[in-house]
Amino acid sequence: MSATSSNPAETPAAGSTGTTPAGSTPGSAPTRSRLIVLAGPTAVGKGTVAAAVRETHPEVWISVSATTRAPRPGEENGVHYWFVSDEEFDAMIDKGDLLEWAVVHKAARYGTPRGPVDLALASGHPAMLEIDLQGARQVRETMPEALFVFLKPPSWDELVRRLVGRGTETEAERERRLETARAELAAESEFDVTIVNHEVHAAADELVALMVGPAPSAP
Ligand code: 5GP
């Protein structure tokens with residue numbers, strides 16, 4: 001099924017680029033199957049880092065979340081998110097189709113379709129979820145074997161600069177997101193690893209090294 005299917009629960013390859021899974025390409029180095037949960041405050045660049053991983057490491061499967069928020073210009077259904085109605089989101093919750101979900105920035109609901117994650121891991125892909133802190137905490141409960149990575153801005157001022165520079169939110173939304181960001185920054189110690197996002201490609205490389213390299217020693 002293609003990534004443009006209208007049903008996130010039935011799209012095992014929703015976040016895949018359609019390339020051969022890691023470990024199954026003849027001659028390629030086998031990679032360890034590992035679930036990475038990437039979280040961090042708003043505007044820190046999680047989406048940009050995830051896009052850089054997608055570009056340079058197509059063997060990494062990245063989950064496509066469902067959300068009730070409206071698409072921004074340029075965002076495509078099934079690629080950036082599954083854009084669903086409140087009723088559709090309710091149905092996904094009721095059927096147990098979501099691995100985790102949360103109301104983010106007091107504005108919209110976001111959730112990770114469970115089936116595609118299970119299939120990606122079963123097929124040996126390194127897999128990644130890019131979700132908020134509330135979602136990361138839920139996954140910690142159900143999949144404690146995942147590696148939890150906190151993406152951090154170089155400084156608070158830089159975070160504010162990135163959020164303002166992005167220009168995709170209204171003033172009120174920005175304030176709400178900064179409020180959430182303050183609380184999220186305080187949660188860094190709950191994570192296994194911190195990556196500082198000085199530069200997007202360097203951060204993406206650090207992230208991929210965690211998926212395909214040796215496991216970091218236990219804290
Ligand atoms: P945005 O609206 O800017 O795309 O995303 C807003 C926030 O929602 C980001 O912090 C992002 O990490 C989070 N988010 C995206 N997908 C999910 C998801 O499936 N679950 C949870 N809990 N948060 C998500």
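Both ligands and their constituent atoms are indexed starting at 1 by order of listing. Just so it is clear, the structure is predicted and the values come from calculations on it, not from any experiment.
- Ligand 1 places these atoms under 4.0 Å from at least one heavy atom of Arg69: 1 (P), 2 (O), 4 (O).
- Of all non-hydrogen atoms in Ala66 and Val84, the two that sit nearest each other are CB-CG2, 4.4 Å.
- Separating the OG1 atom in Thr194 from the CD atom in Glu188 is a distance of 3.5 Å, to the nearest 0.5 Å.
- Contacts of Val104 with ligand 1, taken as heavy-atom pairs under 4.0 Å, involve the side chain alone.
- Annotation: atom 16 (N) of ligand 1 to nearest protein heavy atom, Ser65 OG, 3.0 Å.
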Begin with the C-alpha distance, continue with both residues' side-chain angles, and end with the deciding distance and a verdict on salt bridge (charged side-chain N to carboxylate O under 4.0 Å, His left out) for Arg162 and Glu158. CA-CA 6 Å; Arg162 287 180 191 177; Glu158 178 59 20; 2.9 Å; yes
Step by step, work out the salt bridge (charged side-chain N to carboxylate O under 4.0 Å, His left out) result for Lys46 and Asp132. CA-CA 10 Å; Lys46 292 184 300 256; Asp132 89 319; over 6 Å; no
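- If you number the atoms of ligand 1 from 1 as listed, the ones under 4.0 Å from a heavy atom of Ala102 come out as 22 (N).
- In this structure, atom 20 (N) of ligand 1 lies nearest to the protein heavy atom Glu100 OE2, 2.7 Å.
- Contact of the Leu207 side chain with the Val60 side chain is not registered, since no non-hydrogen atoms from C-beta on lie closer than 4.5 Å.
- If you take CD on Glu100 and CZ on Arg140, they are separated by 14.0 Å, rounding to the nearest 0.5 Å.
- Screening Leu147, Leu151, Leu133 against Phe191 for a side chain to side chain contact (heavy atoms under 4.5 Å, CB included) leaves a single residue, Leu133.
- Here the heavy atom of the protein found nearest to atom 5 (O) of ligand 1 is Tyr81 OH, 3.2 Å.
- Residues Arg174 and Glu171 are paired through a salt bridge, judged by an N-O separation under 4.0 Å between the basic side chain and the carboxylate.
- By the 3.5 Å distance cut-off applied to N or O atoms, Glu75 is not counted among the residues near ligand 1.
- Protein heavy atom at the shortest distance from atom 3 (O) of ligand 1 is Arg72 NH2, 2.9 Å.
- Of the protein's heavy atoms, Glu130 OE2, 2.8 Å lies nearest to atom 12 (O) of ligand 1.
- At a heavy-atom cutoff of 4.0 Å, ligand 1 is contacted by no atom of Glu173, backbone or side chain.
- Looking from atom 9 (C) of ligand 1 to the surrounding protein, the closest heavy atom is Lys46 NZ, 3.8 Å.
- When all heavy atoms of Gly47 and Glu130 are compared, the pair lying nearest together is CA-OE1, 3.6 Å.
- Of the charged side-chain nitrogens involved, at least one lies within less than 4.0 Å of a carboxylate oxygen, so that Arg69 and Glu75 count as a salt-bridged pair.
- Nearest protein neighbour of atom 13 (C) of ligand 1, counting heavy atoms only, is Asp132 N, 3.9 Å.
- Atom 6 (C) of ligand 1 has as its closest protein heavy atom Tyr110 OH, 3.6 Å.
- In this structure, Arg177 is part of the shell of residues with a heavy atom less than 4.0 angstrom from ligand 1.
- Numbered from 1 in the order shown, with element, the atoms of ligand 1 that lie under 4.0 Å from a heavy atom of Gly135 read 22 (N).
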